[in-house]
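Written out below as structure tokens is the structure these notes cover.
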Amino acid sequence: MKNLWHISAPPSQPGGLLPSTVRTDVCIVGGGFTGCSAAYHLATRGVSVTLIEANILGHGCSGRNSGNLNPGLWLRPGQVSKALGPHFGQRLNDLLRPGPDYVQQLVKRHAIDCQLNTSGTLHCAHNQSGLKELKQRLEGHLQQGYEAELLDACETAARIGTDVFYGSLWNKSAAWIQPLAYLRGLAAAAVSAGAAIYENCAAQSVVRKSNTWVTRTATGEVESDALLIATNAYHSGMAFGSYARFAPLWYFNLATEPLDGRRFSSLLPNREGCWDTAPVMTSFTRDEQGRLVLGSVGKLDGAGGRAHLAWARRRIGQLFPALAGVSLTFSWNGCIAMTKDHLPHLVGLGPKALGIYGYNGRGIATGTLFGRVLADYALSGDADALPLPLSRVKSARKFSLQSAYYELGATAYHLVNGWSRKAAPRSASRALY
């Protein structure tokens with residue numbers, strides 16, 4: 001598989017090999033949105049910080065997602081407050097509300113070349129039930145102060161270039177970015193501020209020794225006053241024990257070569273990031289070079305890979321008949337950490353040691369903001385200021401059966417829909433909100 005984001009992002013600038021022993025104020029394990037954001041927010045305050053990443057920056061879903069920069073979580077604000085109670089519910093909603101704006105500020109402040117597109121996102125209704133869901137989501141968006149609008153089928157068709165949808169929720173407060181390009185830009189800003197970042201440097205164990213955290217790798221160790229674990233779905237279970245309890249959900253993306261701008265001028269002319277309300281979601285957009293990028297739940301290099309690929313080819317033809325049979329040049333997978341309550345979890349690992357996981361597919365803005373939260377905690381150790389209650393350390397556990405359920409469900413859905421007849425266009429039966 002060939003990841004388009006790796007091809008189109010500016011090159012990473014790794015910091016070389018980790019010296020035998022490093023003494024630092026804060027050690028961060030994990031080089032995704034959260035880890036790089038924490039490194040940035042610490043370094044800009046003059047704090048000594050060292051980040052180690054087992055592979056390359058963005059190896060996990062930070063460099064493998066669809067690029068939709070959405071505010072908040074998948075849960076609506078009222079659901080967040082119900083799940084966490086009024087105190088933490090309000091705190092979490094307040095933290096995440098300005099997420100896309102905050103990311104855009106960082107992009108502009110550091111001139112990060114990440115194809116930022118502020119046209120918003122479109123959540124598309126695949127049937128009447130989906131349209132009803134979007135009306136409910138619109139209420140939550142407006143309550144949170146987002147600029148959003150419900151579009152009818154005709155307006156949706158004009159913005160996307162297909163008439164298969166019953167309507168859409170246009171979130172003008174959202175945006176789209178090339179995720180790996182943004183991550184590498186954020187990491188570069190952290191390094192410029194004084195952070196030390198090491199790739200291909202896996203943490204093998206963490207121990208507490210004489211009031212110091214010692215993170216050991218194959219080539220050396222990092223001694224630190226504070227420790228932040230930001231590995232999310234790619235946590236490998238270090239010797240000190242894992243805190244992550246989640247179901248891995250695989251999501252794939254495919255991309256074409258750049259499409260002829262004149263021939264396909266009506267296809268997503270504003271390049272919004274889009275996804276639908278179907279039981280197994282489809283996401284799609286066009287990047288800055290004009291490539292169509294389409295994704296869904298599934299593992300392309302797994303047992304259901306052929307079914308996922310056949311479905312994707314069929315789906316492209318359903319959405320955009322002129323692209324039926326188009327060549328797919330890029331394909332890649334990413335693993336999302338899905339928690340049972342669909343909320344992120346903060347875990348106290350010891351004095352000034354914190355871990356986080358479970359963004360449930362909303363990692364770009366959420367990870368950036370929680371990186372700032374982790375940075376604040378590393379400096380203060382004040383758990384009372386956190387936007388979530390601290391979970392207890394638990395033994396490593398990934399819900400493999402639930403993960404298999406996700407994959408089997410997506411495979412079955414793609415098998416049925418990958419070989420079904422072409423969907424009737426919405427022009428045959430318009431449904432207005």
Side-chain angles (χ1 to χ4, degrees), residues 5 27-41 51-70 73-74 92 95-96 99 103 179-180 182-183 186-187 197 199 201-203 206 215 227-238 240-251 297 299 332-349 353-375 377-378 386-388 390-391 393-394 396-400 402-403 406:
W5 305 150
C27 176
I28 301 171
V29 180
F33 295 128
T34 307
C36 289
S37 172
Y40 167 80
H41 285 95
L51 183 152
I52 58 175
E53 161 58 43
N55 292 282
I56 62 172
L57 296 180
H59 170 77
C61 216
S62 295
R64 300 171 183 267
N65 64 74
S66 297
N68 290 320
L69 181 56
N70 286 303
L73 300 170
W74 182 251
L92 186 58
L95 170 71
L96 299 182
V103 170
L180 185 60
Y182 163 62
L183 176 70
L186 184 61
I197 295 180
E199 295 181 312
C201 184
V206 176
T215 305
L227 172 69
L228 304 175
I229 307 292
T231 47
N232 202 28
Y234 287 77
H235 190 77
S236 58
M238 291 172 283
F240 75 98
S242 169
Y243 55 82
R245 298 167 71 86
F246 60 86
L249 172 67
W250 287 92
Y251 199 91
V297 177
K299 197 170 187 290
W332 64 99
N333 291 317
C335 190
I336 300 168
M338 299 292 292
T339 56
K340 285 189 173 182
D341 57 9
H342 303 292
L343 290 166
H345 288 249
L346 284 170
V347 184
L349 301 170
L354 199 63
I356 186 167
Y357 69 97
Y359 295 143
N360 296 273
R362 288 292 179 95
I364 302 177
T366 307
T368 300
L369 290 168
F370 267 104
R372 189 180 68 190
V373 168
L374 264 60
Y377 181 81
L386 294 171
L388 286 170
L390 285 180
S391 302
V393 178
K394 300 177 181 178
R397 184 180 179 187
K398 294 183 182 180
F399 299 103
S400 300
Q402 189 175 351
S403 180
Y406 288 147

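Everything quoted here is computed from the prediction, not taken from an experiment.
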* Would Tyr251 and Cys61 satisfy side chain to side chain contact (heavy atoms under 4.5 Å, CB included), going step by step from the backbone distance to the final call? -> CA-CA 9 Å; Tyr251 199 91; Cys61 216; 5.9 Å; no
* side chain to side chain contact (heavy atoms under 4.5 Å, CB included) between Phe246 and Ile336: does it pass, once the steps are laid out? -> CA-CA 9 Å; Phe246 60 86; Ile336 300 168; over 6 Å; no
* Dump the intermediate steps for side chain to side chain contact (heavy atoms under 4.5 Å, CB included) on Leu390 and Leu354, then the final yes or no. => CA-CA 9 Å; Leu390 285 180; Leu354 199 63; 3.3 Å; yes
* Leu346 and Leu374: side chain to side chain contact (heavy atoms under 4.5 Å, CB included), yes or no, with the steps? -> CA-CA 9 Å; Leu346 284 170; Leu374 264 60; 3.9 Å; yes
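Scanning for side chain to side chain donor-acceptor pair (under 3.5 Å) contacts around Ser62 gives an empty result, with sequence neighbours left out.
A donor-acceptor distance shorter than 3.5 angstrom exists from the side chain of Tyr234 to the backbone of Cys335, with no hydrogens or angles considered. When atom types are taken as modelled, the side chain of His41 and the backbone of Ser37 share a donor-acceptor pair closer than 3.5 angstrom. Between the side chain of Asn65 and the main chain of Gly361, no donor-acceptor pair closer than 3.5 Å is present. Asn55 places no side-chain N or O within donor-acceptor distance of the main-chain N or O of Glu199, the cut-off being under 3.5 Å.
Contact check for Leu51 versus Tyr40: no side-chain heavy atoms found under the 4.5 Å cut-off. In this structure, Tyr359 and Phe370 have side chains that are in contact, with non-hydrogen atoms separated by less than 4.5 Å. Within the 4.5 Å cutoff, no side-chain heavy atoms of Tyr357 are placed close to those of Thr231. For the pair Thr366/Leu73, a side-chain contact is recorded, criterion being any heavy-atom separation below 4.5 Å from C-beta on. Residues Leu343 and Leu92 are in side-chain contact: their nearest non-hydrogen atoms beyond the backbone lie under 4.5 Å apart.
Thr339 contributes atom OG1, which lies 11.5 Å from atom CG of Leu249 (distance to the nearest 0.5 angstrom).
Aromatic ring orientation, Trp332 versus Trp5: perpendicular (interplanar angle above 60°, classes split at 30° and 60°).
The two atoms that bring Ala187 and Leu57 nearest to each other are CB-CD1, 3.6 Å, heavy atoms only. Across Asn70 and Arg362, no two heavy atoms sit closer than the pair CB-NH1, 3.5 Å. The two residues Leu183 and Gly31 have their closest heavy-atom pair at CD2-O, 3.7 Å. The two residues Ile28 and Ala39 make their nearest non-hydrogen contact at CD1-N, 3.4 Å. Minimum heavy-atom separation, Ile52 to Cys201: CB-O, 3.6 Å. Across Ala38 and Leu228, no two heavy atoms sit closer than the pair CB-CD1, 4.1 Å.
Each of Leu388, Leu386, Leu369 was evaluated against Leu95; a single residue qualifies, Leu369, per the side-chain contact (heavy atoms from CB on, under 4.5 Å) test.
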